[in-house]
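What follows is a short report on a single structure.
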Amino acid sequence: YGDEEVTRGVTVRDVKPSEFITAYAAHLKASGRVELPKWWDYVKTATWKELAPYDEDWYYIRAASIARKVYLREHTGVGGLRKTYGGGARRGTIRRQYQKATGAIIRNILLQLEDMKVMEKDGKGGRLVTRSGQQDLDRIAGQVARGE
């Protein structure tokens, strides 16, 4: 291709997940459209966790991650996302046992993304990314691919 720029569209699938999530979380924070709940600074992300997240931007990062998960796999609901973000509960000398993540945080983020018109409820259950939401996510992915 030489000096020419590739003109094909870049989607969320074409960029590294960590880079996209960081960029979209920064976009959500800068836009000011995501309202932090009053409990965001002391809530745990799962019942089996001992402490709340250390990163102050964890809520934006989780929102960006949820948006990416629903983009890649439509019809995903709160239950499926609880399984995705779950993990092993440390139970002392007993073996670890898998437990789901907290559903209230995921539900709250999904409702906020619906208010932003990034997602919508599906008639079959779960959530879908709207057309404007897909354009927004792909635009951020294009910026990540170009290194902006």
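Just so you know, these numbers use all the heavy atoms, side chains as well, and skip hydrogens, waters and symmetry mates. Counting begins at 1 with the first residue of the sequence.
Shortest non-hydrogen contact noted between Val10 and Ala141 is CG1-O, 3.8 Å. Met119 approaches Arg127 most closely through the heavy-atom pair SD-CB, 4.3 Å. The shortest non-hydrogen separation linking Thr84 to Tyr98 is N-OH, 4.3 Å. The minimum heavy-atom distance between Ile105 and Thr45, with the atom names listed, is CD1-CA, 3.8 Å. Between Ala46 and Ala101, the shortest heavy-atom contact is CB-CA, 4.0 Å. For Ala63 against Leu113, the heavy-atom pair with the smallest separation is O-CD1, 4.0 Å.
Surrounding CZ of Arg73 are at most 12 heavy atoms belonging to other residues, nucleotides or ligands under 6.0 Å away. Counting heavy atoms of neighbouring residues, nucleotides and ligands inside a 6.0 Å radius, atom NZ of Lys44 exceeds 12 of them.
Here CZ of Phe20 is found 9.5 Å from OG1 of Thr11. Values are rounded to the nearest 0.5 Å. Taking CG from Asp136 and CZ from Arg131, the interatomic distance works out to 14.0 Å, rounded to the nearest 0.5 Å. Residue Leu28 holds its CG atom at 8.0 Å from CZ of Arg33, rounded to the nearest 0.5 Å. Atoms CD1 and NZ, on Ile61 and Lys29 in that order, are 9.0 Å from each other to the nearest 0.5 Å. Going from atom NZ of Lys69 over to atom OG1 of Thr76 covers 9.5 Å, rounded to the nearest 0.5 Å. Rounded to the nearest 0.5 Å, atoms CD1 (Ile109) and OG (Ser65) are 9.0 Å apart.
Applying side-chain contact (heavy atoms from CB on, under 4.5 Å) to Tyr71 and the options Leu128, Ile66, Val12, Val118 leaves one that passes, Val12.
Residues Tyr60 and Leu111 are members of separate hydrophobic clusters, defined by side-chain heavy-atom contacts under 4.5 angstrom among Ile, Leu, Val, Met, Phe, Trp and Tyr. Criterion: ILVMFWY side-chain heavy atoms under 4.5 Å apart, direct or through other members. Under it, Val78 and Trp39 are part of a common hydrophobic cluster.
Between Gln112 and Asn108 there is a side-chain heavy-atom pair separated by less than 4.5 Å. Between Glu74 and Asp122, the closest side-chain pair of non-hydrogen atoms is not below 4.5 Å. Side chains of Arg90 and Trp48 form no contact here, defined as non-hydrogen atoms less than 4.5 Å apart. When side chains are defined from C-beta on, Pro37 counts as touching Tyr59, because their heavy atoms get closer than 4.5 Å. Looking at Arg68 and Ile21, their side chains come closer than 4.5 Å, going by heavy atoms from C-beta outward. No side-chain heavy atom of Glu19 sits less than 4.5 Å from a side-chain heavy atom of Thr22. No side-chain heavy atom of Lys49 sits under 4.5 Å from any side-chain heavy atom of Gln99. Using a 4.5 Å heavy-atom threshold, the side chains of Trp58 and Trp40 count as touching.
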Start with the C-alpha distance between Arg96 and Arg91, add both sets of side-chain angles, then the distance that settles side-chain contact (heavy atoms from CB on, under 4.5 Å), and finish with yes or no. CA-CA 6 Å; Arg96 289 181 181 219; Arg91 305 184 301 158; over 6 Å; no
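Side-chain atoms of Glu120 do not come within 3.5 Å of backbone N or O of Val129 as any donor-acceptor pair.
No donor-acceptor contact under 3.5 angstrom links the side chains of Thr102 and Tyr85, judged on distance only.
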